Amino acid sequence: IQSYMKDALKAIQYNKNKPTHDDILVVLQILGFNLGNIQAKTQLDYRAFMQEETVISSGIYGGDAAREENKVFVVQRYKAAEKNEHKDVKKVPLSTFPEWAQPSFMDMKELNSIQSSVFETAFLSNKNMLICAPTGAGKTNIALMAVLREIGKHDQELGSLEREKFTIVYVTPMKALAGEIVGKFAKMLAYLKIRVRELTGDMQLSRTEIESTHILVVTPEKLDVVTRKSDSLLLQTKLLIFDEIHLLNEDRGAVLECLVIRVLNHIQRKQVPLRIIGLSATLPNYLDVAHFLKAENGTFYFDGSFRPVPLSYSFYGVKPQANQIREKTIGSHICYEKIKEILKKKKQVLVFVHSRAETVTLGEELIGFMREDKSEEKALFVENIQ
């Protein structure tokens with residue numbers, strides 16, 4: 001939430017009348033954030049962040065609705081910016097790709113705006129790249145373009161690769177995502193007989209299996225272990241893709257940082273070609289990350305207007321209560337009501353909490369609210385949780 005509120009503050013400089021500084025600072029104070037750590041100024045273009053009116057409202061939970069002191073939460077809403085079609089970007093048709101590469105894009109007829117913007121750098125060059133774009137904007141297909149370029153260097157004839165001549169390493173932050181990436185690339189490249197395997201703490205591979213794999217999907221920690229004492233994998237690697245590179249700023253960022261430095265040192269020491277590509281959500285200091293990856297000439301930053309589905313934000317801050325349990329219950333009840341609103345629209349709901357234990361606690365609270373609910377909407381809630 002704090003991260004989104006920072007974005008909201010950045011938006012203020014372009015929406016000076018709606019909302020005001022005071023409006024947002026009230027919400028921040030209610031949420032208990034340290035305002036001294038949040039800067040309102042930025043050099044990034046956030047004009048596309050919000051294009052419609054911002055609404056400030058307060059809500060009532062329990063008790064006498066007529067009593068002003070019963071207003072216990074404040075909501076700051078940001079309506080979604082209208083989707084920008086970016087008609088100034090010339091879409092690249094799939095016929096631009098070599099005939100052997102086209103089936104990998106499945107049923108697509110042309111690249112989207114983001115993919116078209118990076119086409120020449122991703123598919124027609126060997127430059128290091130940093131792609132900063134919103135979630136769901138098609139970054140995986142950008143990685144696919146780089147993969148296809150590398151495959152093309154070793155493709156003697158369609159479907160007949162020089163096996164064991166190259167390895168592409170795809171670094172994903174979580175084991176849960178590794179299997180998904182393996183399945184996705186294996187399906188897209190099956191016609192080329194590309195071998196895609198997972199190498200994580202749960203999936204072990206022999207040295208022979210690693211050497212015979214074309215695309216290796218790993219976690220940062222596993223790649224760190226494999227490359228720490230031996231250069232054998234790096235010597236075989238021609239393309240290294242870091243997904244979610246913005247995690248450099250998280251607790252596990254040190255491992256990613258070590259990996260990038262190790263790879264750059266390897267390239268300099270061995271004088272071998274190894275392309276690095278970083279995929280990221282929007283970064284405030286993307287130029288620093290680009291410099292770190294040696295990708296200054298292949299950096300692309302796409303703001304929220306490139307998001308395929310416009311995103312709305314609502315921030316609910318519960319006013320401090322004498323009883324902390326009541327304060328937490330109010331938050332859970334707000335969550336329950338919002339879930340019902342979304343289910344009424346025939347949409348899906350995904351609720352994130354801070355820990356596994358809280359998952360169980362919130363689930364039990366939601367079930368309790370459902371049992372006490374006397375409205376007809378209760379049936380909708382029951383139908384969906386079953």
Side-chain angles (χ1 to χ4, degrees), residues 3 44 111-150 166-174 177-178 180-181 184-185 199-200 215-224 226-227 233-234 237-268 272-304 306-307:
S3 172
L44 295 182
L111 302 180
N112 65 21
S113 298
I114 289 180
Q115 296 156 1
S116 298
S117 300
V118 307
F119 167 74
E120 290 189 4
T121 306
F123 190 71
L124 301 179
S125 81
N126 292 316
K127 294 178 181 178
N128 288 355
M129 296 181 69
L130 173 63
I131 310 297
C132 300
T135 301
K139 293 190 288 290
T140 301
N141 279 345
I142 296 176
L144 176 62
M145 283 190 274
V147 169
L148 289 172
R149 174 172 177 80
E150 192 58 43
F166 73 99
T167 298
I168 296 168
V169 177
Y170 192 107
V171 184
T172 182
M174 293 181 289
L177 292 177
E180 180 182 337
I181 296 297
K184 187 176 294 185
F185 276 100
L199 180 60
T200 62
I215 301 178
L216 199 61
V217 182
V218 302
T219 55
E221 290 77 11
K222 191 65 178 182
L223 184 60
D224 180 39
V226 172
T227 59
L233 178 58
L234 291 180
T237 301
K238 305 301 179 185
L239 173 62
L240 181 59
I241 301 171
F242 287 99
D243 201 358
E244 312 288 353
I245 193 68
H246 57 270
L247 294 178
L248 277 167
N249 193 41
E250 303 296 332
D251 293 339
R252 299 167 64 197
V255 179
L256 278 173
E257 188 174 350
C258 287
L259 284 172
V260 173
I261 293 173
R262 185 177 301 152
V263 170
L264 292 175
N265 287 338
H266 167 79
I267 295 171
Q268 185 175 15
V272 293
L274 200 168
R275 188 183 190 188
I276 300 175
I277 293 181
L279 306 177
S280 170
T282 51
L283 284 168
N285 62 329
Y286 63 94
L287 293 178
D288 295 330
V289 179
H291 179 71
F292 179 56
L293 296 177
K294 308 296 183 187
E296 294 92 341
N297 296 323
T299 299
F300 296 85
Y301 180 90
F302 302 95
D303 62 20
F306 284 87
R307 185 181 291 276

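Note that these values count all heavy atoms, side chains included, but never hydrogens, waters or copies made by symmetry. Here, residue 1 is the first one in the sequence, and each next residue gets the next number. The shown structure was predicted, so the numbers you read here are calculated from the model rather than taken from an experiment.
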### Distance, nearest 0.5 Å, that separates CZ of F292 from CG of L256
8.5 Å
### Task
Spell out, as yes or no, whether a donor-acceptor pair under 3.5 Å connects the side chain of N112 to the backbone of Q115.
yes
### Heavy-atom side-chain proximity of K238 to T167 below 4.5 angstrom
no
### Task
For S113 and F306, work out which heavy atoms get closest and say how close.
CB-CE2, 4.1 Å
#### Entry: Side-chain touch P173/R252, heavy atoms, less than 4.5 angstrom
yes
### T237 side, atom OG1; L216 side, atom CG - distance, nearest 0.5 Å
8.0 Å
### Task
Supply the atom-to-atom distance L223 CG to L233 CG, rounded to the nearest 0.5 angstrom.
6.5 Å
### Task
Determine whether more than 12 heavy atoms belonging to other residues, nucleotides or ligands lie under 6.0 Å from atom CG of N249.
no
### Summary
So NZ of K184 and OH of Y170: to nearest 0.5 Å the spacing works out to 7.5 Å
### Query
Closest approach of T172 and P220, non-hydrogen atoms and distance?
O-CD, 3.3 Å
### Summary
Closest non-hydrogen contact found for L279 with K139 is CD1-O, 4.0 Å
### Message
Are H266 and V272 packed together at the side-chain level, in the sense that at least one heavy-atom pair is separated by less than 4.5 angstrom?
### Response
yes
### Message
Strictly distance-based, threshold 3.5 Å: is any side-chain N or O of N128 a donor or acceptor partner for the main-chain N or O of L293?
### Response
yes
#### Entry: Heavy-atom pair of closest approach, residues A290 and T299
CB-OG1, 3.1 Å
### Message
Is any side-chain heavy atom of I142 closer than 4.5 Å to one of M145?
### Response
yes
### Query
L130 and I245: side chain to side chain contact (heavy atoms under 4.5 Å, CB included), yes or no, with the steps?
CA-CA 9 Å; L130 173 63; I245 193 68; 3.8 Å; yes
### Query
So do the side chains of R275 and E150 get within less than 4.5 Å of each other, counting heavy atoms only?
no
### Parallel, tilted or perpendicular, as decided by the 30° and 60° cut-offs, for the rings of F119 and F123
parallel
#### Entry: Atom pair CD1 (I114) and CD1 (I131), whose distance is rounded to the nearest 0.5 Å
9.0 Å
### Task
Looking only at non-hydrogen atoms, find the nearest pair between E257 and L248 and report the distance.
N-CD2, 3.7 Å
### Query
How far apart are the C-alpha atoms of V118 and F302, what are their side-chain angles, what is the distance that settles it, and do they pass the side chain to side chain contact (heavy atoms under 4.5 Å, CB included) test?
CA-CA 11 Å; V118 307; F302 302 95; 3.9 Å; yes
### Query
Going through the distances and angles, do V289 and H246 end up as a side chain to side chain contact (heavy atoms under 4.5 Å, CB included)?
CA-CA 8 Å; V289 179; H246 57 270; over 6 Å; no
### Task
Can you establish whether the number of heavy atoms outside E296 located under 6.0 Å from its atom CD is more than 12?
yes
### Query
Considering the options N265, L264, L259, which one meets the side-chain contact (heavy atoms from CB on, under 4.5 Å) requirement together with I261?
N265
### Query
Does any non-hydrogen side-chain atom of I168 lie less than 4.5 Å from one of F166?
yes
### Task
Find out whether S280 and F242 are in side-chain contact, i.e. whether some heavy atom of one side chain is under 4.5 Å from a heavy atom of the other.
no
### Task
Specify the closest pair of heavy atoms between I181 and V217, including all atoms of both residues, with the distance to one decimal.
CG2-CG2, 3.9 Å
### Query
Could you give the distance from CD1 (I241) to OG1 (T140), rounded to the nearest 0.5 Å?
9.5 Å
### Query
Can you check whether I277 reaches L239 side chain to side chain, under 4.5 Å on heavy atoms?
yes
### Query
What do the steps show when you test L199 against V226 for side chain to side chain contact (heavy atoms under 4.5 Å, CB included), and what is the final call?
CA-CA 10 Å; L199 180 60; V226 172; 4.0 Å; yes
### Heavy-atom donor-acceptor pair, R262 side chain to D224 backbone, under 3.5 Å
yes
### Short side-chain to backbone donor-acceptor contact, N141 and L111, under 3.5 Å
no
